[in-house]
2 protein chains.
Amino acid sequence: MDTTAARERALDAAERLFYGRGVQAVGMDDVRAASGVSLKRLYQLFPAKERLVEAYLERRDIRWRGRLAAYVAERGDPEERLLAVFDWLEEWFGEDGFRGCAWINAHGELGASSARVTAQARAHQRAFRAYLAGLVADAGRPAALAGALFLLAEGAIVAAGTAGSTEPAREARETARLLLGAAGAG
Amino acid sequence: MDTTAARERALDAAERLFYGRGVQAVGMDDVRAASGVSLKRLYQLFPAKERLVEAYLERRDIRWRGRLAAYVAERGDPEERLLAVFDWLEEWFGEDGFRGCAWINAHGELGASSARVTAQARAHQRAFRAYLAGLVADAGRPAALAGALFLLAEGAIVAAGTAGSTEPAREARETARLLLGAAGAG
DNA sequence: TTGACTGGAGAACGACCGTTCTCTAGATTA
DNA sequence: TAATCTAGAGAACGGTCGTTCTCCAGTCAA
């Protein structure tokens, strides 16, 4: 197993465990057992647990936004693409093991003591918001709409995460539709 | 110090520490040191840390909604009361030590292993939503508007929590105003 | 004064956790 | 083959945590 493969396996296990149970509830030895990557190698790849958490959040951000963008890009109409964001959220909420927003959860747990975790959470929110801003611009809508959609999406994610329901996605979508219908919308 | 006073002091310290640093980052001995309530007494009042966390979330829910309702009740117009929710959020976000939603944070940290924490998080969201539904009904607006305002508020809370800014409150307020302006709004 | 009870301070206990170290087996190179 | 390097398994280390226990000072009843 070369370095790249070990790193990927470690991050696969870290993501599954950290997201599913919370970061502090998972020990480095749990990551070792789940990944098959020895402790020695884990610490060569990530010199401290905090670095593994950081790398987990960073990779998840890229993948998460990639999945969302791929789903949305399939819609032809720019306005439909805006609403497709919430369709994708609904699919995501229905997946096994969905437990809300990984960055908010990690920030709530470690943000007070880890600048790296805080930075990852902020970067994720900024990137998601920027992505929405792009969709809004493509649809020729006022820039302020992006903030509204961002808040609706984040609200839906946390509401679904604690309630264990996909319904918030539909509520958010319906609200977004209403905002698009409102004259000018912004 | 009688039982009631010891309980209040313990909960005061628990709330400050758990909310400020995260639950797992705070030991029972930290609560003892911050409250002046001995470990023996802490365990008489709360037979396990999980019960202290539960009581902290429960009391905070009552106080949080009480503060919100008191602020909102000062506005005469039912429609103004709806928007006042977001004014209060903005004040809250600006307070020292604001760190997002206590229930989402606790749920992200412990929800996977503690049914009591999950129950508290769900109860809080249900109660907040029901409160908003009451305001919406008082304003003679369609019930579906409550869901939209709830998502906007939750989104603003988590966005402000990670970004460390009060701006999301204004964004959410402006979006709410737009929704109120939209014909029928629901 | 004696005895019984209460509560606090803090030690103790067992478990775990992040991190490092030891030991060994296998691969690689000369 | 001999020497060197790598990596894994898992023990070890120092620290912390939730929880319980010990010991003692103070209080109150008789």
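Here the structure is a predicted model, which means the values were calculated and not measured. Below, read A as the first sequence line, B as the second, and so on, with proteins coming before strands; counting in each chain starts at 1.
- Nearest heavy-atom pair, Arg32(A) versus Asp29(A), reported as atom, atom and distance to 0.1 Å: NE-OD1, 2.8 Å.
- Separating the CZ atom of Arg32(B) from the C1' atom of dG10(C) is a distance of 8 Å, rounded to the nearest angstrom.
- Rounded to a whole Å, the CE atom of Met1(A) is 10 Å from the C1' atom of dG8(D).
- With distances taken from any side-chain atom of Lys40(A) to the nucleotides dG7(C), dT22(C), dT20(D), the minimum falls on dT22(C).
- Computed from coordinates, the Leu39(A) CG to dG10(D) P distance equals 11 Å when rounded to whole Å.
- Ala102(B) and Arg60(B) get closest at one heavy-atom pair: CB-NE, 3.4 Å.
- Among the atoms of the strands shown, only primed sugar atoms or phosphate atoms (P, OP1, OP2) are found under 4.0 Å from some heavy atom of Val26(A).
- In the set dG18(D), dA11(C), dC17(C), the nucleotide with an atom closest to the side chain of Asp30(A) is dC17(C).
- Rounded to whole Å, the distance from OH on Tyr43(B) to C1' on dC21(D) is 13 Å.
- Of the candidate nucleotides dG7(C), dA7(D), dT19(C), dG7(C) has the atom nearest to the side chain of Arg41(B).
- If you check distances only, the side chain of Lys49(B) never reaches the base of dG18(D) with a donor-acceptor pair under 3.5 Å.
- When each of dA7(D), dG7(C), dG18(C) is scored by its nearest atom to the side-chain atoms of Met28(A), the top-ranked nucleotide is dG18(C).
- When all heavy atoms of Val85(A) and Leu68(A) are compared, the closest pair comes out as CA-CD1, 4.1 Å.
- Separating the CD atom in Glu74(B) from the CZ atom in Arg81(B) is a distance of 11.5 Å, to the nearest 0.5 Å.
- Residue Val37(B) is out of contact with every strand shown, counting any heavy-atom pair closer than 4.0 Å.
- Residue Ser38(A) places its side chain closer to dG8(D) than to any other of dT19(C), dG8(D), dA9(C).
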